[in-house]
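Data first, discussion second: the structure below is written as structure tokens.
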Amino acid sequence: MFKTMIEEASLPLLIADSKGRIIFTNKCLEECMGYTRRNFLKNNLQDLCAPYEQSRYIFSCLPDIKRTTEVDIDLQQKNGEIFTANVSFAPFDYQRARHLLIIVRDVTARRIREVKTREDEERYRRLLVERNMLQDQLHRSSKVAFMGELAAGIAHEINNPLGIILGFVQDILEEIPLNDPLIEPIKIIEKETARCVNVVKNLLDFARLRPPERISVDIVELLESSIVLLTPRIKKNKVSIKRNFKMEPPSIKVDPQLIQQVFLNIMINAIQAMPDAGVLALGIGFVHKARSPESGDWIRISISDTGNGISKKALQHVFDPFFTTKGSKGTGLGLSVCQRIMEDHKGKIEIENRKGAGTICNLYFPLKD
Ligand SMILES: Nc1ncnc2c1ncn2[C@@H]1O[C@H](COP(=O)(O)OP(=O)(O)OP(=O)(O)O)[C@@H](O)[C@H]1O
Ligand SMILES: [Mg+2]
């Protein structure tokens with residue numbers, strides 16, 4: 001009789017063990033969440049929550065709950081919709097193990113009533129909609145993009161003050177006599193500030209979501225102009241350039257600024273990998289891939305170096321934002337930026353170790369565009 005009562009109760013209920021594993025759900029909960037019982041029993045309590053709620057403190061102290069505890073938690077239905085619920089956890093012992101009877105009350109409506117004026121109510125509704133949209137966005141865009149936007153928010157704020165500091169420091173350096181003992185510390189301030197500016201720039205590039213503005217571009221010219229920009233570094237590391245252009249490539253439609261940024265990031269990585277001389281080789285060719293999903297004609301641009309290569313373990317992470325093996329000298333955003341830009345161009349980027357020594361980075365641009 002009790003089982004049937006619980007089963008039929010018009011209040012969403014479930015029972016979980018002290019690890020949060022769901023062991024019983026009633027019909028009302030199934031209707032409210034949109035899951036079947038079988039779905040539920042495979043899940044843990046946290047799986048019912050909105051992603052941002054999953055690490056709530058309450059879930060780590062379920063075994064310690066001594067008396068009925070109520071918490072407002074955002075739950076996520078199977079169709080992805082989020083609602084606010086007042087969840088009560090009532091502990092009881094069954095077969096000598098701690099269990100919890102959990103009652104779920106949808107309080108979205110109550111929350112809305114609580115908001116005093118009509119205007120506030122509207123705002124609250126909008127917030128809920130916005131939050132659901134954000135949730136969707138979070139699902140759609142990868143964790144990567146989310147982190148980037150977050151970081152860029154901060155980066156944006158510190159960009160201006162940094163620029164001002166750098167400007168003043170440079171002014172001081174121009175004014176100060178060369179034999180002044182303060183010149184060294186001020187130069188250090190300049191160098192370190194310039195590094196911060198660079199990190200901020202990388203963060204902003206990384207998060208910049210502007211779609212590419214494509215125009216017809218002579219890709220060889222773009223490669224050559226990137227090399228010119230890097231001349232000081234190329235000379236410093238005694239790097240020689242080898243060109244292996246097997247064809248006159250047709251001009252392709254890309255955003256020259258963004259693609260130059262890709263070239264620069266990859267070339268800088270290559271030059272940094274060859275601190276004591278080496279060869280930076282550039283290649284252009286056509287590739288026809290027969291198998292889907294990459295079937296079709298592509299232009300391949302290869303940038304390779306004879307540097308120290310990438311360890312197998314690092315190779316799995318090179319496109320992860322903030323992954324760097326360069327300590328404080330790198331932000332680990334270069335390749336993530338490249339990958340993002342290439343994806344925005346419907347292209348691809350691959351990086352692998354070269355036979356012998358060094359690394360090769362291949363960029364593919366679809367020809368049909
Ligand atoms: N040509 C290369 N040779 C050897 N290792 C490379 C090469 N290109 C990339 N890597 C490895 O991939 C990592 C990530 O590269 P990425 O360009 O994203 O960041 P970074 O160069 O460390 O820092 P940033 O570019 O932000 O200054 C590098 O730290 C390095 O370990
Ligand atoms: Mg880099």
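FYI, side chains are in, hydrogens and waters are out, and symmetry mates aren't considered; it's all heavy atoms of this structure. All ligand and atom numbering here is 1-based and tracks the order in the structure. Numbers here simply count residues along the sequence, with the first being 1.
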Is the closest heavy-atom distance from G309 to ligand 1 below 4.0 Å?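 G309 counts as a contact of ligand 1 under the 4.0 Å cut-off.
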So for I310, does at least one of its heavy atoms come nearer than 4.0 angstrom to any atom of ligand 1?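 I310: in contact with ligand 1 (<4.0 Å).
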If you take all heavy atoms of S88 and E70, which pair is closest and at what distance?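 Closest approach of S88 to E70, heavy atoms only: CB-CG, 3.6 Å.
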Looking only at heavy atoms, which two atoms of A50 and I82 are closest? And how far apart?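 Shortest heavy-atom separation between A50 and I82 comes out as CB-CD1, 3.7 Å.
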Using a strict 4.0 Å cut-off to heavy atoms of [X], name the atoms of ligand 1 that fall inside it.
{"X": "T324", "answer": "20 (P), 22 (O), 29 (O)"}
{"X": "L335", "answer": "9 (C), 15 (O), 16 (P), 17 (O), 18 (O)"}
{"X": "D305", "answer": "1 (N), 2 (C)"}

Taking the minimum heavy-atom distance to [atom], which of [options] ranks first?
{"atom": "atom 14 (C) of ligand 1", "options": "F323, F319, F322", "result": "F323"}
{"atom": "atom 26 (O) of ligand 1", "options": "T331, I360, L264", "result": "T331"}
{"atom": "atom 25 (O) of ligand 1", "options": "G334, C338, A270", "result": "G334"}

Can you report which non-hydrogen protein atom sits closest to atom 30 (C) of ligand 1, along with the distance?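 Looking only at protein heavy atoms, the one closest to atom 30 (C) of ligand 1 is T325 OG1, 3.4 Å.
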Please find out if the Mg ion (ligand 2) and some N, O or S atom of N269 are separated by less than 2.8 Å.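 Yes - counting backbone and side chain alike, N269 has an N, O or S atom under 2.8 Å.
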Any N or O on [X] sitting closer than 3.5 Å to an N or O of ligand 1?
{"X": "N308", "result": "no"}
{"X": "I351", "result": "no"}
{"X": "A273", "result": "no"}

Heavy atoms only, cut-off 4.0 Å: how does I268 contact ligand 1, side chain, backbone, both, or neither?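 It is neither; nothing of I268 touches ligand 1.
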Heavy-atom distances under 4.0 Å are what count here, so tell me which part of T359 touches ligand 1: side chain, backbone, both or neither.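 Answer for T359: side chain.
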Student check: side-chain heavy atoms of F83 and M33 closer than 4.5 Å: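 Yes, at least one pair of side-chain atoms sits under 4.5 Å.
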Min side-chain heavy-atom separation M342-K348 under 4.5 Å: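 The answer is no, as the side chains (C-beta and beyond) never meet within the 4.5 Å cut-off.
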More than 12 heavy atoms of other residues, nucleotides or ligands under 6.0 Å from CZ of F286: is that the case?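 Count over threshold, so yes.
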Should we say atom OH of Y57 is surrounded by more than 12 heavy atoms from elsewhere, each under 6.0 Å from it?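 12 or below, so no.
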